[in-house]
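Worksheet for the structure shown next.
Numbers restart at 1 for each chain; the letters A, B, ... are given by sequence-line order, proteins then strands.
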There are 2 protein chains.
Amino acid sequence: MPSVTVKDVARLAGVSPSTVSRVISNHPRISKATAEKVRQAMETLGYHPNMTAKKLVSKSTKTLGLVLPRSAEELFANPFFSEVLRGMLACANQKQYDLLMSSANNPKEEMETVTRMVLGRQVDGMILIKPRKADPVIEKLLALDFPFVVLGRSLEHPDVPAVNNDNIAAAFDATFHLINQGHRRIGFVSGPPELVVSGDRLAGYQKALSQAKLPLRDEWVIASDILPKNGFHAVSMVMNAPDRPTAFVVSDDVVAFGMIRELVGAGYQIPEDVSVVGFNNIVLSELSNPPMTTVDIGIYHLGYQTARHLIRILQGEKVAEPNVTVPHRLVIRQSVRFLPHADDAL
Amino acid sequence: MPSVTVKDVARLAGVSPSTVSRVISNHPRISKATAEKVRQAMETLGYHPNMTAKKLVSKSTKTLGLVLPRSAEELFANPFFSEVLRGMLACANQKQYDLLMSSANNPKEEMETVTRMVLGRQVDGMILIKPRKADPVIEKLLALDFPFVVLGRSLEHPDVPAVNNDNIAAAFDATFHLINQGHRRIGFVSGPPELVVSGDRLAGYQKALSQAKLPLRDEWVIASDILPKNGFHAVSMVMNAPDRPTAFVVSDDVVAFGMIRELVGAGYQIPEDVSVVGFNNIVLSELSNPPMTTVDIGIYHLGYQTARHLIRILQGEKVAEPNVTVPHRLVIRQSVRFLPHADDAL
DNA sequence: CTGAAAGCGCTAACAG
DNA sequence: CTGTTAGCGCTTTCAG
C-alpha cells in the first residue's frame with residue numbers, strides 16, 4: 001500500500017499540490033491542458049484521495065451514523081430491521097453517503113456510542129431507530145444541536161424530524177377489518193411496552209373497538225416481547241376463558257408466527273378457529289401457512305425516507321414539515337375467517 | 001458544536017497539547033498530578049477527541065468495511081444476512097471496531113465501493129460476503145495486498161483467510177438424514193449457481209446419494225434463485241413426473257418456505273406427501289407450520305468469527321490456519337416423514 | 001489560471 | 001516527566 005498522495009501526483013504532473021486538489025474538485029478556473037496533465041498523472045500513479053484527510057479539512061464526513069438500540073438481538077431477530085437497513089443503504093449510497101453502524105447492549109452503551117460518533121465527529125448526522133418513551137439519546141442530540149432524524153416518533157418532542165407510519169390508523173384498520181369480517185371479540189398482542197410504537201398500535205386497536213361499541217377487555221390484551229417464544233402461556237390463558245376472542249390483532253408478524261404455532265400446537269386451526277392479522281408484512285408473511293393477513297407498513301420506504309430526510313436536512317434544505325408519514329395498507333390473505341353469523345352489520 | 005480541541009484543554013490545564021495527548025492515551029510516564037489536572041480540564045470543557053484527526057495521524061481507522069454484494073435485495077430478503085451482521089457487529093464493537101457499510105447494485109459498483117473504501121483508506125480491512133466463483137474483488141484485494149477475509153470460500157484461492165461452513169458435509173448430512181428416514185428418491189433445490197456455496201451444497205447432496213448407491217437424476221435438481229417465488233413451476237414439473245421424489249433437500253430455508261407453500265397450494269401435505277429439509281435454521285424455521293427440519297449453520301457465529309478473524313489479522317496475530325470452519329448441525333423437527341416401508345436399511 | 005503558505009486536530013520523535 | 005517541533009494528506013486563502 002505505497003500511499004500515493006497529491007504531492008506525488010503534483011510532482012509527476014509538474015504542478016503544485018493545490019492545482020491537483022483543484023482538478024479533483026472540478027474547480028472552474030483551471031486550464032483544460034493542466035487538468036488533463038494532472039488526470040494523466042493520477043491515472044498512471046493510481047491515485048486515490050485519502051478520505052480521512054479530506055474529512056479532517058472539510059469537516060464533513062459524508063457518513064450517517066446508525067446506532068442499534070438496546071439488544072440488537074431483539075432488533076435483528078426480526079426481518080423488520082434488515083428491510084429498514086436495506087432502504088437506508090439504498091438511499092444513502094445513492095446520495096453518496098456511507099453508513100457507520102454500531103450496536104449497543106444497553107442504554108448506557110447506546111449513549112456512549114452516540115457520543116463517540118457525534119463528538120468524535122465521525123458522522124454528519126444520526127439516525128435513531130424506534131425511540132423509547134422519554135429517550136435520553138434524543139435529549140442529548142437536541143442539547144448538542146446535532147442533526148438527526150428518528151424512525152418512529154418522539155412522544156416528548158413532536159417537532160423533531162421523524163419518519164413514521166400512522167400506527168394508530170394502521171392498528172385501527174387492522175382491527176376494523178376483523179370487525180368487518182364479523183368478529184366481535186377481538187384480542188390484541190402488543191409489542192415491548194417501552195416503545196412508542198407499541199402504545200400507538202394499542203391505541204388504534206382500542207379506538208376501533210370503541211367506535212364499533214365493542215367490548216374492550218383488559219384480559220384480551222397480551223403484552224408480548226417482540227421476540228417469539230415469550231409469554232405464550234398467556235395465549236392459552238386467553239383461549240381457555242369461556243368467552244375467548246375469535247380473532248387477534250398481533251402487532252408484529254414474527255410474534256404472530258409464534259402465536260400461530262402455539263395455537264396450532266394447542267389444536268386450533270387458523271383461520272377456522274382463530275383469526276389473526278399481523279403487522280409489518282415481512283417477506284415470510286406471504287409464504288407462511290396459511291399466508292398471513294397483515295398490515296404492510298412499507299418497511300423499505302421507512303428506511304429509505306429516513307435516510308432521505310436526514311440527508312435533506314444535512315444539505316440545508318429547509319424542510320417545512322419535520323414529520324414524514326409512510327403510508328400503510330392492509331394486505332388481505334388467508335389468516336382471517338369471515339364470520340357470517342355476525343349479529344349485525346356496522 | 002463549538003469543537004473543543006486538545007489545544008483548548010492544554011491551555012486550560014496549563015500544559016502542552018502533547019501532554020494532553022499523552023493523558024488521553026494513558027502514557028505511562030505522566031505524573032498523577034498533571035494527569036488529574038488535564039482530566040479536569042477535559043471534563044469541564046466537555047472535550048472529546050476528533051476521531052478523524054486521530055485516524056489521519058495514526059493511519060488506522062479501527063473500522064471494518066463491508067460491501068454488500070450485488071443486489072442487496074437478494075441478500076436482505078433473507079434473514080441470513082441480518083443474523084450474520086448481528087454477529088459481526090457484536091464482535092467488532094466488543095473489539096472497539098466500527099462497521100462501515102455500503103451496498104452495490106452490480107459488480108461494477110461493488111468494485112468501485114471497495115476501491116473507495118480501501119484506497120480512500122476509510123477502513124483497515126474488508127469483509128467479503130459469499131464470493132462468487134472467480135470473484136474479481138478478491139483478485140483486486142490480493143493485488144493490493146490489503147487485509148480481508150471472506151465469509152464463504154474462494155474457489156481459486158484456497159489460502160485466502162476465510163470463515164465458512166463445511167457446506168459439502170452439511171448437505172451430505174441433510175441428504176443422509178432423508179436416506180436414513182427411508183427416502184430413496186430425493187430431489188435438490190439449489191441456490192444461485194454463481195455462488196461458491198451453491199456448488200458445495202450440491203456436491204454434498206450428490207455425494208450422499210452416490211455413497212448410498214441411490215439414483216442421481218438431473219431432473220430432480222431444481223435451480224432456484226435465492227429469492228422465493230422464482231421457478232416454482234419447476235416444482236410442479238418435478239412433482240408431476242411418474243417417479244417423483246418423496247423428499248427434497250432445499251439449500252435455503254426461505255426458498256423452502258416458498259416451496260412448501262407451492263406444494264401445499266398444489267394439494268400436497270408436508271411431511272405426509274413430501275418431506276423437506278432446509279438450510280440455515282433462521283428464526284422462523286422453528287415457527288413455521290410444520291416446524292422445519294433444517295441444517296443449522298451457525299449464522300451468528302459465521303458473522304462473529306469473520307469479524308474476529310479479520311481483527312486478529314489486523315492486529316498482526318500470526319494466524320497459522322487461514323480457514324476457520326464453523327460447525328453445523330442438523331436440527332430435526334417435523335418437515336420430514338419416516339418412510340417405514342423403505343426397502344432396506346443402510 | 002496557478003503556486004506558496006497556513007492549518008484542520010492530533011500524535012510522535014527528540015530534546016530537555 | 002513534559003514542551004517543542006514536525007508532520008499525517010488534503011483544502012484554501014492570498015498573492016501573483
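Salt bridge A/Glu112/A/Lys108: present, at least one basic N to carboxylate O contact under 4.0 Å. Salt-bridge check for A/Arg132 with A/Glu110: passed, with a basic side-chain N closer than 4.0 Å to an acidic carboxylate O.
Counting only heavy atoms from C-beta outward, the side chains of B/Tyr97 and B/Leu314 approach each other to under 4.5 Å. Side-chain contact between A/Lys130 and A/Val196 is absent, with no heavy-atom pair separated by less than 4.5 Å. When side chains are defined from C-beta on, B/Met88 counts as touching B/Leu151, because their heavy atoms get closer than 4.5 Å. Residues A/Met101 and A/Leu85 meet the side-chain proximity criterion, which asks for heavy atoms closer than 4.5 Å. At least one side-chain heavy atom of B/Ile30 sits less than 4.5 Å from a side-chain heavy atom of B/Thr34. When side chains are defined from C-beta on, B/Met42 counts as touching B/Ile24, because their heavy atoms get closer than 4.5 Å.
Atom NZ of A/Lys7 sits in a sparse spot, with 12 or fewer heavy atoms from other residues, nucleotides or ligands closer than 6.0 Å.
Toward the 5' end of DNA chain D, the nearer of the two residues B/Pro28 and B/Ser58, judged by each one's closest nucleotide, is B/Pro28.
B/Thr34 comes within 4.0 angstrom of sugar-phosphate atoms only, judged by non-hydrogen atoms across all strands, and of no base. The residue A/Lys59 sits close only to the backbone: its heavy atoms come under 4.0 Å of sugar-phosphate atoms, none of a base. At the heavy-atom level, A/Leu56 lies under 4.0 Å from base atoms of the strands shown.
Residues that satisfy the side chain to side chain donor-acceptor pair (under 3.5 Å) test with B/Ser18, not counting sequence neighbours, are B/Ser16. A/Arg312 pairs by the salt bridge (charged side-chain N to carboxylate O under 4.0 Å, His left out) definition with A/Glu317, not counting sequence neighbours.
At a non-hydrogen distance threshold of 4.0 Å, B/Ser18, B/Ser21, B/Arg22 from residues 13-27 of chain B come into contact with DNA chain C. Using a 4.0 Å cut-off on heavy atoms, the residues of residues 45-53 of chain A that approach DNA chain D are A/Tyr47, A/Pro49, A/Asn50, A/Ala53, listed by number.
A 4.0 Å heavy-atom criterion places the boundary nucleotides of DNA chain D facing chain B at D/dC1 to D/dG9, written 5' to 3'. The footprint of chain B on DNA chain C, defined by a heavy-atom cutoff below 4.0 Å, extends from C/dG9 to C/dC14.
In this structure, a donor-acceptor pair under 3.5 Å is present between the side chains of B/Asp124 and B/Thr61.
Shortest non-hydrogen contact noted between A/Gly152 and A/Ala162 is O-CB, 3.4 Å.
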